[in-house]
Amino acid sequence: VQLQASGGGLVQAGGSLRLSCAASGRTVSYNALGWFRQAPGKEREFVAVITRSGSGTKYADSVKGRFTISGDNAKNTVYLEMNSLKPEDTAVYYCAAGWGLNTRTYDYSTWGQGTQVTVSS
């Protein structure tokens with residue numbers, strides 16, 4: 001499977017962005033798509049994950065109530081709607097394919113190229 005992330009950009013604090021991650025190729029090789037982020041000088045951290053059926057989601061505490069993950073199976077695409085953005089949300093955001101509602105990077109076998117999100121204060 002190949003993953004293509006898009007939708008990043010520059011936004012002011014309090015603003016919104018929607019990220020997309022389109023999967024192609026061997027789409028039977030995963031049952032969950034997740035979002036992670038990595039800020040300069042920091043480790044990559046979990047943001048959110050959703051099962052392909054859409055029946056299960058999990059969020060990092062830092063984004064609960066502000067971010068919403070959703071999926072469109074017909075398009076093999078997952079979205080991350082980000083509202084009330086804060087400067088500390090600034091990072092490169094990566095989507096990843098794996099199995100289950102996992103939060104650790106090593107539980108994901110395939111990664112997209114990342115998209116930059118910058119939130120100005």
Side-chain angles (χ1 to χ4, degrees):
V1 64
Q2 294 81 44
L3 303 175
Q4 180 72 39
S6 61
L10 173 64
V11 64
Q12 288 188 332
S16 299
L17 279 174
R18 188 177 82 155
L19 305 183
S20 300
C21 176
S24 60
R26 188 172 171 79
T27 57
V28 296
S29 60
Y30 67 94
N31 79 342
L33 285 174
W35 286 98
F36 288 74
R37 66 187 182 186
Q38 188 166 19
K42 295 187 176 181
E43 293 187 352
R44 193 168 297 189
E45 65 175 6
F46 168 76
V47 176
V49 61
I50 187 169
T51 57
R52 290 187 74 174
S53 66
S55 62
T57 59
K58 184 179 288 186
Y59 295 90
D61 289 343
S62 59
V63 306
K64 279 181 182 176
R66 300 188 298 122
F67 292 10
T68 302
I69 191 169
S70 62
D72 184 337
N73 276 340
K75 297 181 179 180
N76 289 319
T77 299
V78 66
Y79 305 97
L80 186 68
E81 186 74 35
M82 305 185 295
N83 298 314
S84 302
L85 282 161
K86 305 175 181 179
E88 51 263 43
D89 294 317
T90 295
V92 176
Y93 283 69
Y94 298 89
C95 60
W99 294 88
L101 297 176
N102 293 304
T103 64
R104 299 164 298 187
T105 55
Y106 56 77
D107 286 318
Y108 292 80
S109 57
T110 303
W111 293 80
Q113 85 287 4
T115 184
Q116 176 71 46
V117 171
T118 303
V119 184
S120 63
S121 57

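Contact of the Asp89 side chain with the Met82 side chain is not registered, since no non-hydrogen atoms from C-beta on lie closer than 4.5 Å.
How far OG1 of Thr57 is from CZ of Phe67: 14.5 Å, rounded to the nearest 0.5 Å. Here Glu45 contributes atom CD and Gln38 contributes atom CD; the two are 9.5 Å apart, rounded to the nearest 0.5 Å. Here the CD atom belonging to Glu88 is positioned 8.0 Å from the CZ atom belonging to Arg37, to the nearest 0.5 angstrom.
Considering all non-hydrogen atoms of both residues, Gly100 and Ala32 come closest at O-CB, 3.4 Å. Trp111 and Thr105 make their closest contact through CZ2-O, 3.5 Å (heavy atoms, listed as atom of the first residue, atom of the second, distance). Minimum heavy-atom separation, Leu3 to Ala23: CD2-CB, 3.7 Å. The two residues Val63 and Val47 come nearest to each other via the heavy atoms CG2-O, 3.6 Å. Of all non-hydrogen atoms in Ser84 and Ser16, the two that sit nearest each other are N-OG, 4.4 Å. Here the closest heavy-atom approach between residue Arg52 and residue Asn73 is recorded as O-ND2, 2.7 Å.
Each of Asp107, Asn102, Leu101 was scored for a side-chain contact (heavy atoms from CB on, under 4.5 Å) with Val49, with one residue passing: Leu101. With Ser6 as reference, Ser20 is the one residue of Ser20, Cys95, Cys21 to meet the side-chain contact (heavy atoms from CB on, under 4.5 Å) rule.
Evaluation of the side chain to side chain contact (heavy atoms under 4.5 Å, CB included) rule for Ser55 yields Thr51, Ser53 as partners, not counting sequence neighbours. For Ala48, the side chain to side chain contact (heavy atoms under 4.5 Å, CB included) partners are Tyr59, Ile69, Leu80, not counting sequence neighbours. Residues forming a side chain to side chain contact (heavy atoms under 4.5 Å, CB included) with Ala22 (at least two apart in sequence, or on another chain): Thr77.
For residues 91-110, the set of pairs meeting the ring pair (Phe, Tyr, Trp, His ring centres under 6.0 Å) definition, not counting sequence neighbours, comprises Phe36-Tyr108.
The pair Asp61-Lys64 counts as a salt bridge, with a side-chain nitrogen and a carboxylate oxygen less than 4.0 angstrom apart.
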Can you give the donor-acceptor pairs under 3.5 Å from side chains of residues 114-121 to other protein atoms, not counting sequence neighbours?
| unit_1 | atom_1 | unit_2 | atom_2 | d |
| --- | --- | --- | --- | --- |
| Thr115 | OG1 | Gly8 | N | 3.1 |
| Gln116 | NE2 | Ala91 | O | 3.4 |
| Gln116 | NE2 | Thr118 | OG1 | 3.3 |

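Connection of Tyr79 to Leu85 is not established within any shared hydrophobic cluster, with ILVMFWY side chains joined at heavy-atom distances below 4.5 Å, either directly or through further cluster members. Under the 4.5 Å side-chain contact rule for hydrophobic residues, Val11 and Trp35 share a cluster.
Chaining together hydrophobic side chains whose heavy atoms lie under 4.5 Å apart leaves Leu10 on its own.
Using a distance-only test at 3.5 Å, with no hydrogens or angles considered, no donor-acceptor pair links the side chain of Gln4 to the main chain of Gly112.
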